[in-house]
Enquirer: 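Quick one: the structure is below, questions incoming.
All values below come from the heavy atoms of this structure, side chains included, with hydrogens, waters and symmetry mates left out. Predicted model only: the values in this text are computed from it and were never measured.
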Amino acid sequence: MKLRRIRLESFRRFRAQFEIAELQDGLNLFAAPNESGKSTIAAAIRAAFQQRHRSNVGETFKPWGDSTGSPTIDIEFELGGKPARLLKRFLAKKTCELQIDGRRFEGAEAEDHLAELLGYSYAGKGASDRSTAAAAASSS
């Protein structure tokens, strides 16, 4: 998988829209002062690919000091040479949309299809964590 663009809105420290575009093949480094959002970006990527959009974990993504925010993650990526886009919105207007290979999936179907493509499974109950993805990867 190759990430190409990440856009966050109302996600933890990023109340307004924040975008990292034109990610390149290979390693992309993020260097910035403490508390500038590097860990938030990593958490957003994990949430997009490993958390169910309808789970209560979305509460932890609320923008700081804004109880009405709807954390949104929009990621463009390539998978197997095919362009794809994943949009997830937590809390208000919970949404998950996956577009890949000319097909469009929504809701749990989108999450399940993506998990199958990437070779992992979601936790049966509660929030997904690294062990869920690691267990799926080791069984394939």
Side-chain angles (χ1 to χ4, degrees):
M1 177 187 342
K2 298 177 183 178
L3 298 181
R4 295 298 183 200
R5 182 184 64 84
I6 303 164
R7 184 176 60 82
L8 308 176
E9 190 168 344
S10 296
F11 196 95
R12 291 188 181 162
R13 76 172 332 277
F14 300 111
R15 287 185 188 195
Q17 183 175 309
F18 174 81
E19 182 173 313
I20 300 173
E22 300 179 20
L23 292 166
Q24 302 299 311
D25 288 356
L27 186 62
N28 291 267
L29 299 177
F30 299 98
N34 288 344
E35 299 301 319
S36 59
K38 299 179 301 292
S39 296
T40 297
I41 294 165
I45 293 168
R46 277 192 305 272
F49 290 103
Q50 295 183 339
Q51 300 298 336
R52 294 272 189 189
H53 71 288
R54 293 201 169 274
S55 73
N56 291 334
V57 73
E59 288 289 325
T60 66
F61 304 142
K62 278 185 188 177
W64 298 341
D66 181 1
S67 61
T68 63
S70 184
T72 303
I73 307 162
D74 186 358
I75 297 181
E76 290 178 10
F77 60 100
E78 287 180 25
L79 187 59
K82 298 172 186 170
R85 179 173 177 236
L86 177 63
L87 172 69
K88 276 201 182 175
R89 182 173 299 118
F90 297 88
L91 302 178
K93 298 181 184 178
K94 295 177 180 182
T95 303
C96 180
E97 296 174 9
L98 173 66
Q99 297 172 23
I100 187 165
D101 199 22
R103 298 175 64 194
R104 186 171 187 270
F105 302 88
E106 293 185 17
E109 180 185 27
E111 291 171 327
D112 293 340
H113 186 70
L114 184 61
E116 182 180 321
L117 289 172
L118 296 176
Y120 70 88
S121 59
Y122 287 97
K125 234 181 184 186
S128 295
D129 60 21
R130 292 180 187 150
S131 66
T132 308
S138 67
S139 68
S140 49

Enquirer: Do the ring planes of F11 and F61 sit parallel (below 30°), tilted (30 to 60°) or perpendicular (above 60°)?
Expert: parallel
Enquirer: Under the salt bridge (charged side-chain N to carboxylate O under 4.0 Å, His left out) test, which residues partner R12, sequence neighbours left out?
Expert: none
Enquirer: Hey, is R13 close enough to E35 for a salt bridge, meaning N to O under 4.0 Å?
Expert: no
Enquirer: On a heavy-atom basis, which atom in L91 and which in P71 lie closest, and how many Å separate them?
Expert: CD1-CD, 3.7 Å
Enquirer: Is a side-chain donor or acceptor of K38 paired with a backbone partner of P33 at a separation under 3.5 angstrom?
Expert: yes
Enquirer: Hey, mind stepping through R7 and E76 against side-chain contact (heavy atoms from CB on, under 4.5 Å) and telling me if it holds?
Expert: CA-CA 9 Å; R7 184 176 60 82; E76 290 178 10; over 6 Å; no
Enquirer: Any idea which heavy atoms bring S70 and A92 closest together, and the distance?
Expert: OG-O, 2.8 Å
Enquirer: When rounded to the nearest 0.5 angstrom, what is the spacing between SG in C96 and CG in D112?
Expert: 9.5 Å
Enquirer: Count the heavy atoms belonging to other residues, nucleotides or ligands that lie under 6.0 Å from CG of N28, then report whether that count exceeds 12.
Expert: yes
Enquirer: Do L3 and I20 come close enough that some side-chain heavy atom pair is under 4.5 Å?
Expert: no
Enquirer: If you measure from CD1 on I100 to CG on L79, what distance do you get to the nearest 0.5 Å?
Expert: 4.5 Å
Enquirer: Shared ILVMFWY cluster between V57 and L87, side chains joined below 4.5 angstrom?
Expert: no
Enquirer: Do R104 and E97 have side-chain heavy atoms sitting under 4.5 Å apart?
Expert: yes
Enquirer: Tell me the closest heavy-atom pair linking A21 and R5, and the distance in Å.
Expert: CA-CG, 4.1 Å
Enquirer: Could you pull out the closest heavy-atom pair between K88 and A47, with the gap in Å?
Expert: NZ-O, 3.8 Å
Enquirer: How close do L8 and A44 get, counting heavy atoms only, and between which atoms?
Expert: CD2-CB, 3.4 Å
Enquirer: Start with the C-alpha distance between Q17 and T72, add both sets of side-chain angles, then the distance that settles side-chain contact (heavy atoms from CB on, under 4.5 Å), and finish with yes or no.
Expert: CA-CA 9 Å; Q17 183 175 309; T72 303; over 6 Å; no
Enquirer: Does a side-chain heavy-atom distance below 4.5 Å link I73 with F90?
Expert: yes
Enquirer: Quick one: do R89 and D74 make a salt bridge, cutoff under 4.0 Å?
Expert: no
Enquirer: Between atom CE of M1 and atom CD1 of I75, what is the distance when rounded to the nearest 0.5 Å?
Expert: 8.5 Å
Enquirer: Is K82 atom NZ crowded by more than 12 heavy atoms from other residues, nucleotides or ligands, each under 6.0 Å away?
Expert: no
Enquirer: Once rounded to the nearest 0.5 Å, what's the spacing between atom CD of E19 and atom CD of E9?
Expert: 11.0 Å
Enquirer: Do F105 and L114 have side-chain heavy atoms sitting under 4.5 Å apart?
Expert: no
Enquirer: Going by side-chain hydrogen bond (donor to acceptor under 3.5 Å, both in side chains), name the residues that satisfy it together with E78, two or more places apart in sequence or in a different chain.
Expert: R4
Enquirer: Within this structure, what is the CD-NE2 distance for the pair E111 and H53, rounded to the nearest 0.5 Å?
Expert: 5.0 Å
